[in-house]
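Encoded as structure tokens, the structure appears first; notes follow it.
Each chain gets a letter, A, B and so on, in the order its sequence line appears, and its residues count up from 1. Any value given below was found using the heavy atoms of this structure, including those in side chains, with hydrogens, waters and symmetry copies removed.
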There are 2 protein chains.
Amino acid sequence: MDGSLAEHEGLPSERTIAEQHSVSRMTAHKALEAIEAEGLAYSEDRRGRFVSPPRINYNVNSMASFVTDAKRQGVEIEVELIADKKAIADAKLATSLFIAEGSPLFERTRLFSSSGHTIFFETEFIAPELCPELRKPGIRSGSEKLLGERYGTLGHTADIVVRMAPIQPSDAAFLGVTAWQVGIEQEQIVRKKDGTAFCFVRQVWRGELVQFSAQAIENR
Amino acid sequence: MDGSLAEHEGLPSERTIAEQHSVSRMTAHKALEAIEAEGLAYSEDRRGRFVSPPRINYNVNSMASFVTDAKRQGVEIEVELIADKKAIADAKLATSLFIAEGSPLFERTRLFSSSGHTIFFETEFIAPELCPELRKPGIRSGSEKLLGERYGTLGHTADIVVRMAPIQPSDAAFLGVTAWQVGIEQEQIVRKKDGTAFCFVRQVWRGELVQFSAQAIENR
DNA sequence: GCCAAATATTGGTATATACCAGATTATTTA
DNA sequence: TAAATAATCTGGTATATACCAATATTTGGC
């Protein structure tokens with residue numbers, strides 16, 4: 001990445017580095033964690049530590065999706081569907097979508113990875129009761145169709161909230177990452193043109209692997 | 001913040017918590033660090049740990065500045081000017097602004113704090129050679145004027161890059177925070193209407209204290 | 001009651017040690 | 001040669017201990 005080290009090249013072990021620098025292993029471990037947080041290296045549990053490829057840039061202004069945008073940089077993103085099922089609205093979802101707690105939902109979770117490393121995952125909840133237009137004749141009403149067409153069929157706006165937060169253990173498992181390490185969480189409430197919320201989206205990103213770019217036009 | 005604890009209320013010490021949970025102090029320390037990263041508590045070196053106020057929301061779509069936006073939520077932001085001087089373009093600045101290394105610049109750094117806690121700081125570099133329009137008669141050419149009027153006088157666009165990264169020691173000192181804890185870094189290259197870059201802005205945020213919101217309009 | 005000095009407490013940090021369980025490598029066996 | 005076994009190495013984690021230096025608190029003297 002920095003020119004002198006090849007991507008995915010193995011680094012010396014924590015114990016070796018600790019000894020080389022006359023430092024305890026715990027200290028070396030903490031230092032290496034900071035290097036990981038810089039996006040310069042990544043670790044695989046019980047395998048070793050390796051040089052990271054450069055951060056992937058996501059231009060949030062580009063009309064393109066993350067996958068398309070990455071491809072433009074020569075980075076291939078693999079998308080894996082790891083959950084596609086019926087779910088029930090919990091308190092938070094019910095409030096967000098203005099539906100009753102316990103209402104049926106479709107839930108879909110996908111992992112977005114690059115060369116085997118998950119960059120982020122996304123869970124979408126869609127309320128079929130809120131989009132009858134997707135069930136009119138000729139359109140299947142399965143979750144695949146509902147969720148797959150949410151962008152195409154329904155013009156929409158989205159309320160987005162982004163925060164930096166430690167990654168909870170269940171999310172860390174999806175990302176293949178140590179629990180409590182800090183990441184980026186995004187939540188969206190997607191609305192139809194008339195303002196009705198019909199879809200809730202949650203993303204959790206490994207923040208050390210990406211950077212976000214944008215072009216702002218200040219017009220005053 | 002969660003209803004049962006008052007903002008800025010003191011928490012038990014690390015040693016006490018460790019003993020209460022039959023856990024070593026280091027373990028308690030790590031757990032408390034995660035709680036800080038959630039934005040639920042903050043620590044002050046050698047004083048104790050306290051309950052955090054809720055995260056401040058910054059609506060990036062609002063035409064308002066962070067200060068104004070916070071005020072709307074009832075949060076008063078204090079702005080402190082901690083540097084206002086002449087500087088010299090280093091390699092990075094020179095490249096960003098398309099000027100020669102060593103060119104004169106004005107540099108201004110301001111801290112943005114809420115009830116004594118710095119939320120983020122911002123350093124601006126402006127190249128006077130790139131905006132002669134600010135030196136025409138009637139406009140002072142001091143850094144105060146140059147930087148103060150950059151938004152008002154010069155219509156502009158900005159190229160923005162945002163990344164999650166550990167906070168370097170020098171930046172951590174500004175923020176009153178432990179070095180290497182993870183934060184949010186933002187860099188902007190501000191351009192005039194004709195596309196000429198004239199200003200470089202760098203912000204470092206304590207990501208655990210804020211959340212960013214936006215409204216997206218998807219029009220396809 | 002007031003002020004100064006001594007003491008206790010605090011978070012931050014570093015060390016040495018230990019265990020875990022999977023991954024990797026070396027060795028042995030058939 | 002190939003497969004099975006043993007030894008080694010790995011990062012992740014937890015513990016007990018220790019020191020630092022600033023802050024709070026208590027104590028002592030007047």
[N] [atom2] sits how many Å from [X] [atom1], rounded?
X	N	atom1	atom2	result
B:Tyr42	C:dT10	OH	P	17 Å
A:Glu14	D:dG12	CD	P	6 Å
B:Glu19	C:dG11	CD	C1'	17 Å
A:Ile17	D:dG12	CD1	P	12 Å
A:Leu11	D:dT10	CG	P	12 Å
A:Ile35	D:dG11	CD1	P	13 Å
A:His21	C:dT15	NE2	C1'	17 Å
A:Lys30	D:dG12	NZ	P	14 Å

> Any luck finding a side-chain donor-acceptor pair between B:Glu38 and A:Gln168 under 3.5 Å?
Replying inline: yes

> Quick one: does B:Arg15 reach the base of C:dG11 with a side-chain donor-acceptor pair under 3.5 Å?
Replying inline: yes

Is any side-chain nitrogen or oxygen of [X] closer than 4.0 Å to OP1 or OP2 of [N]?
X	N	value
B:Ser24	D:dT17	no
A:His29	D:dG12	yes
B:Ser43	C:dG12	yes
A:Ser13	D:dT10	yes

>> Let me spell it out: for each of A:Arg46 and A:Ser22, pick the nucleotide of DNA chain C with the closest heavy atom. Which residue's pick is nearer the 5' end?
In response: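 Looking at the nearest nucleotide for each, A:Ser22 comes out on the 5' side.
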
> Only one of B:Val60, B:Asn61, B:Asn57 clears side chain to side chain contact (heavy atoms under 4.5 Å, CB included) with B:Ser213; which?
Replying inline: B:Asn57

Can you give me the N/O atom pairs linking the protein to nucleotides 4-8 of chain D at distances under 3.5 Å, or say none if there are none?
none

For the residue pair [X] and [Y], what are the closest heavy atoms and their distance?
X	Y	result
B:Gly116	B:Glu78	N-OE1, 3.6 Å
B:Asp171	B:Ile167	CB-CG2, 3.7 Å
A:Glu36	A:Tyr42	CG-CA, 4.2 Å

> How is B:Arg49 classified with respect to the nucleic acid when contacts are heavy atoms under 4.0 Å: base, sugar-phosphate, or nothing?
Replying inline: sugar-phosphate

>> Using heavy-atom distances to pick each residue's nearest nucleotide on DNA chain D, tell me which of B:Ala28 and A:Arg25 is more 5'.
In response: A:Arg25

>> Nearest to the side chain of A:Asp45, heavy atoms from C-beta on, is which of D:dG11, C:dT15, C:dG11?
In response: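 It is D:dG11.
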
>> Any carboxylate oxygen within less than 4.0 angstrom of a Lys/Arg side-chain nitrogen, looking at B:Glu80 and B:Arg110?
In response: no

> Do the ring centers of B:Trp205 and B:Phe66 come within less than 6.0 Å of each other?
Replying inline: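 Yes, the ring centres sit under 6.0 Å apart.
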
